[in-house]
Structures are given as C-alpha cells and as structure tokens.
Amino acid sequence: QVQLVESGGGLVQAGDSLRLSCAASGRTFGTYAMGWFRQAPGKEREFVSTISRNGANTYYTDSVKGRFTISRDNVKSTVYLQMNDLKSEDTAVYYCAADLKLFGDTLGPSVPKGYDYWGQGTQVTVSS
C-alpha cells in the first residue's frame, strides 16, 4: 500500500513558476517509479513526466520539455515537479502516481493504467 499527497498548486500568471510536491507513505519510497499526470476540464488525464526509482532516469512529454523538471528525494519520500514558464495550457489538476510493478531503475509508463496508486490531485491555474 502507498499513500500519495500532492501539494503546491495554485493560481499564477503566465511565465511564473510553481513547484509541486508529492509526499508518499507506506512502502519504501525508493523501490518504485513515480509519474506526474494532469487533467484539464473536459479532457482525458495526460502524462507529464516520470522518474525512475533511483532518480537517474527521467522522461517528459514534449509540451513540457525544457520547462518542467521532475526530481525525487528518497530520504524525504517526496517527488517534485518544478514548473517554469507556465502557460495557460498548463492549467489542470495535477496528479502524482506510483508504479510498484517495475524492476531496476526503470521509468514509469506514460499511460494512467500503468500506475497502481494515485494522489488526490492539486489544482494549477495559469492566467494569461
């Protein structure tokens, strides 16, 4: 069992930055990959980024490359999403997710169904 709690969302202007956090509890944090997804109103949940269990490997969807950075602190059992140069199209509820099925320092999948546990989400609103 894993419990995930996101924080750090808010209302910002275009061009601003935010850092989202996802605190995990339960199973040892450094044993599973993590992902960030987002869901805008009326749209499907979409992949944003993933990081392997040891943090050595990361992957981003094209629309956030160069602007967002995923990282993790396995001592603090927390994964982060640093979001810079935010755009109105980044407005969404952001979710973190854990994939406990992987072995080795492997990236998590880019589809929601590949993850085992989800947080409750945190709202990010970017005004233009």
Check whether any side-chain heavy atom of [X] lies under 4.5 Å from a side-chain heavy atom of [Y], and answer yes or no.
X      : Y      : result
Trp36  : Val64  : no
Leu100 : Arg27  : yes
Asp99  : Asp116 : yes
Tyr117 : Gln1   : yes
Asn57  : Tyr59  : no
Leu86  : Leu18  : yes
Ser71  : Gln82  : no
Met83  : Phe68  : yes

For the pair [X] (side chain) and [Y] (backbone), establish whether a donor and an acceptor sit closer than 3.5 Å, ignoring hydrogens and angles.
X     : Y      : result
Thr50 : Gly108 : yes
Arg53 : Thr31  : yes
Asp85 : Gly66  : no
Lys43 : Ala92  : no

Would you please say whether a donor-acceptor pair under 3.5 Å links the side chains of [X] and [Y]?
X      : Y      : value
Asn84  : Ser17  : yes
Thr125 : Gln123 : yes
Ser25  : Gln3   : yes
Tyr80  : Arg19  : no

### Query
Which is it for Val5 and Gln120 under the side-chain contact (heavy atoms from CB on, under 4.5 Å) test, yes or no, and what are the steps along the way?
CA-CA 7 Å; Val5 180; Gln120 83 289 347; 4.2 Å; yes
Nearest heavy-atom neighbours spanning [X] and [Y]:
X      : Y     : answer
Ser52  : Ala56 : OG-N, 3.4 Å
Ser128 : Ala14 : CA-CB, 4.2 Å
Gly121 : Val93 : CA-CG1, 3.8 Å
Asn54  : Asn74 : CA-ND2, 4.3 Å
Tyr94  : Leu20 : CB-CD1, 3.5 Å
Cys96  : Glu6  : N-OE2, 2.8 Å

### Audit row: Cys22, Met34, side-chain contact (heavy atoms from CB on, under 4.5 Å) steps and yes/no
CA-CA 10 Å; Cys22 171; Met34 295 292 297; 4.0 Å; yes
Kindly work out whether a path of hydrophobic side-chain contacts (I/L/V/M/F/W/Y, heavy atoms less than 4.5 Å apart) joins [X] to [Y].
X      : Y      : value
Phe47  : Leu81  : no
Val124 : Tyr60  : yes
Tyr32  : Tyr115 : no

### Message
Is it the case that over 12 heavy atoms from other parts of the model lie below 6.0 angstrom from the NZ atom of Lys76?
### Response
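Not buried by this count: 12 neighbours or fewer within 6.0 Å.
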### Message
Ser21 and side chain to side chain contact (heavy atoms under 4.5 Å, CB included): which single residue from Thr78, Asp73, Val79 fits?
### Response
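So the option named by the test is Thr78.
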#### Entry: Within 45° cone and under 6.0 Å: Arg45 NZ/CZ vs Phe37 ring
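No.
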### Arg72 to Phe29, cation-pi by 6.0 Å centre distance and 45° axis angle
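So Arg72 does make the cation-pi contact.
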### Query
When you look at Gln39 and Tyr95, which way does the side-chain contact (heavy atoms from CB on, under 4.5 Å) test go after all the steps?
CA-CA 8 Å; Gln39 188 166 18; Tyr95 299 90; 4.1 Å; yes
### Message
If we check salt bridge (Lys or Arg N to Asp or Glu O under 4.0 Å) with Arg67, which of these qualifies: Asp16, Asp62, Asp90?
### Response
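The option that passes is Asp90.
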